[in-house]
Amino acid sequence: MSSERQENWRHLAWAMGGLVASLGPHLLRLKPWVSGFVLAICAWRLLAERRAWRLPGTFLRGIIALGVTIAVFFSYSTITGLDGGTALLALMSALKLLETRTVRDHTVLIFIGWFLCLAAFLYAQDITTTAWVMAAVWLLAAALLEVSHQGQSGPRLRPFRTTGAMLLKAAPIAFVLFFFFPRLAGNFWGAPSAERALSGLTEEMSPGDISDLTLNDQIAFRVRFAGNPPPPALRYWRGPVLSEFDGYTWARGDAQSFFRPLVEHLGTPVDYTVTLEPTGQQMLFALDMVESWTPGLARQSWDFSLRTRNPVHGVLRYEARSHSRYRAGPELAASLGNLSLQLPNGRNPRTMEFARSLRASVANDAAYVQAVLDLFHDQDFYYTLTPPGLERDSVDDFLFNTRQGFCGHYASAFTMLMRAAGIPARVVAGYQGGDWNPIGGYLIVRQSHAHAWSEIWLADAGWKRVDPTAVIAPERIERGIEASFQGSELLPGGLMRDSPFWWQAGMIWDNVNARWNDWAVQFDRGKQEEMLLSLGFEDPDWRDFGLVLGAGLALGIGLLFFWLAWEFRPRRGDPAAQTYGRFVARLERRGIERATGEAPRDFAARIRRLRPDLGVTALAITETYLRLRYLPEPSAGDLNLLRGLVARFRP
Amino acid sequence: LRFPGRFRRLLGNWIRRRQGPDRGAVTLSRGRIYILPTRLGVAFGLMLVAMLLGSLNYANNMGIGLTFLLASLGLVAMHACHRNLETLIARGAGSEPPFAGKEAVFRVALANPGGAARCEIETSAGISPGSPVTVAAGSESTVSLHVPTQRRGTIILDSIEIATRFPYGLFRAWAVLHPSLRCLVYPQPAADALPPPRAPGIAGGGATRRGEDDFSGLKDYHAGDPPRRIAWKAFARSDELLIKEFSGDAEATPVFDLADAPGSDLESRLSVLARWIIDAHARGATFGLRLPGVDLPPEPGDAQRRRCLAALAQFQAPEPDVF
């Protein structure tokens, strides 16, 4: 290969390496045909470069570009948005690869790579993604160094190392900018579009939905308590309240009410901070019964659930205060009462009939509730992770046929039985329990802690939580789902639960992630103000922010300045050479310059010709210098002599 | 960034005014290094703005962090680019006089007193860029600048740009030197000149050449004398190197005179003289030169060739060309 082709090959390899690294986090998320196409083009391009094949012309590239755009449109049904946009960006980078010949083409590839890095963060900001993206950024910058380096002369360039040193110098400045650049509150172009399907609790519940979630080990949110956490049996994290029933599925419904029933909070409050992982939905979770929460973040609707204005696409942190003892809605408005009694006509007829007869056989509503719970407890109902599927009239099928269910089945059946007997009732979805992380001192609530229970309204008592699961499987509430299904292969994280070492490691890793969420992903205006407060600013305003940012930047750039000055500092030669250098410099100021490679003796002879008056001194200096340089054991006396001679040398 | 010509000129004039002329070795101090983003640097900046707006809109902290990291990297690159030139010592390291029409070569020595290599230093004179060199820590590199010439005389190189885009090519730092480096330009040798007259400059001189047979005496050997004229016998006797002289030599040694050179004008006659000198030197002959006000007695060798051609270059020389 010619040296030019070799250089081209090197540039291409670097740029492509950076590009593939930045595509890394996307490859599994993109539709397979997109990832496959991109990788295939990369492979083809490398081969083409090796074998010196002709690259496709403008026309062919245009056709391909049009083709993939249409394909993306049909495959993603959009070409904008995060998914479609990322797919298009990845495909276009592959197409750009087909025409890379010049330095400029390679540079464009590298820039696309950086945009792909940004896109990766729009999907996930966890530690692993960040570490990967940082590596990709490093590789891309190294590729830019290699690509922008034209000469073959000089010592071999080490792009990765050089760039690493640069990034190390950039890091302090980047940290200052990151921590003190003022964050805005809210978006200025509107919220990003919701299009990601996230697994987790939703605002609908069909039979089997919750038990499916138990296989999901992902974290729903983490909670840090201001004081002691409440006991496990009281850890009911209220999510969406489901009031609409169609005979099979419970849903939140569209009912709106401006009237929020009065809540009387009793007992000591619990203060805590929730760091919620993205849900793609508007619901928030809080301990029953929430009293207050981060202002402006969410509204509490008539069923006491918290809802945000926009879907939660990023990690969200909020504070809340709850009371485990409360009296909610002693008065029930007629409209809400009707809503909480609604049942679909003609569905689940056997349950309807059964409820009516059971209600007739007891004295009051309270006795009826107890009778239903006793039914679950005494008859052969089973609590299982793998309940059988249910017919269209799901409650009938469950109560009189299968009798195997998870919490959702019991909540659904119980609520239906209440409504059928004229007691206002609804299903509450949320989480129950959580894993305590002793290393970080916080509670981890996972998707597998998803739970559903009932809430009924009784005169005087108001809305009360009734959890039928607590009757059928009390250990689920007391000690968590693992206690209910000990040794079950179905539950995730078996290894972690069984080995103390892995359990501890898992908790440490989770703690790191939690801190990462707090200080990196969720670093916001509030945290910034906290930081300024800790720096001694009282009530920081924008001027203080500017001051700290400016001072920090000055510090960072000053550090950079001295770092570079140190790197480039002159190497001290040996003292003799330095002294001789002074002699040469003095002559230079008088217009007598030592030519490149001119030997000291020749130089001395020239000085003598040009300035006979300096000749003797110049010769003495030269000879002393040469003795110091070339004698095997130069004497200290000579050095002093040389210094004295040069000091007195005034041309 | 490439500026339009007019702006470049204005910038050049401004730099010349504020720096003044340079003499001897020039240390590229902070005050004489200029730096601006390149086209790539501007594109990089625009990319960062887009990334920042996107990240802020999505309130994506890692995106913001990524943007700031790249921005800081750009800042570091700017400082590194500037540092790459700073304290570099540049000085003229001689030149090679060309014949008119060829390129003059000016040599510039770049010394790096610092402890880090200076990568990809591009030294250019006017329009012709030199290839980038890397000056290792504590060492010196010499670059050659090629300047085209048109006519004989002197050319002055008064504008040298030392620039670098290392690292990343996002910024370009440059320094301008006004060292007034001079280089002679010899007349272009005539392509087909008549041979010089046999006995130049001697009126009525006999046309016959007595040749080498007429031994006329011995003289001391000087470096450059043809070895075949060494009087070996005399050497064997006395251990002294002597040269045999022949009476034919006085007439045969050409002293090229402007008056003898054919040609319509001064320049073409100088060209003819240049051709004679080159040919005579190539033969290893002894030659001299006589111009009005210049009399170079005959001598052989490279130094004589240089002296003669320099005399031709400088004889009634036109105003020097300044680059």
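Each chain gets a letter, A, B and so on, in the order its sequence line appears, and its residues count up from 1.
- Only the side chain of A:Leu560 comes within contact range of chain B, with at least one heavy atom under 4.5 Å from a heavy atom of that chain.
- At most 12 non-hydrogen atoms from other residues, nucleotides or ligands lie less than 6.0 angstrom from CZ of B:Arg23.
- Heavy atoms closer than 4.5 Å to chain B are found nowhere in A:Ala585, neither backbone nor side chain.
- Between the B:Gln19 side chain and the B:Val176 main chain, a donor and an acceptor come within less than 3.5 Å of each other.
- Residue contact with chain B, scored on non-hydrogen atoms closer than 4.5 Å, involves the backbone and the side chain of A:Ala565 alike.
- When the candidates A:Thr163, A:Thr129, A:Ile557, A:Val176 are compared by the number of heavy-atom contacts under 4.5 Å with chain B, A:Thr163 comes out ahead.
- For B:Arg118, the part sitting under 4.5 Å from any heavy atom of chain A is the side chain, from C-beta outward, and nothing else.
- Looking at A:Trp566, there are no atoms closer than 4.5 Å to chain B (heavy atoms on both sides), in backbone or side chain.
- Contact annotation for A:Gln125: both backbone and side-chain heavy atoms come within less than 4.5 Å of a heavy atom of chain B.
- Counted within 6.0 Å of CZ on A:Phe175, heavy atoms from surrounding residues, nucleotides or ligands total 12 or fewer; the atom is thus considered open.
- Each of A:Ile173, A:Leu177, A:Leu167, A:Val137 has some count of heavy-atom pairs under 4.5 Å with chain B, and the biggest count is that of A:Leu177.
- Annotation: A:Arg161, atom CZ; neighbour count of heavy atoms from other residues, nucleotides and ligands within 6.0 Å does not exceed 12.
- For a residue to count as touching a neighbouring chain, one of its non-hydrogen atoms must lie under 4.5 Å from one of that chain's; by this rule A:Trp138 does not touch chain B.
- For the residue pair B:Ser55/B:Asn60, the side-chain donor-acceptor check at 3.5 Å is not satisfied.
- A ring-centre distance under 6.0 Å is not found for B:Tyr168 and B:Phe44.
- Salt-bridge formation is detected for the pair B:Glu86/B:Arg30: a Lys NZ or Arg NE/NH1/NH2 atom is positioned less than 4.0 Å from an Asp or Glu carboxylate oxygen.
- B:Leu70 touches chain A through its side chain: at least one heavy atom from C-beta onward sits under 4.5 Å away, while N, CA, C and O do not.
- Proximity to chain A involves both the backbone and the side chain of B:Ala43, based on heavy atoms less than 4.5 angstrom apart.
- A side-chain donor-acceptor contact under 3.5 Å links B:Thr164 and B:Asn84.
- If you tally non-hydrogen atom pairs under 4.5 Å between each of A:Leu145, A:Thr130, A:Val521 and chain B, the highest count goes to A:Leu145.
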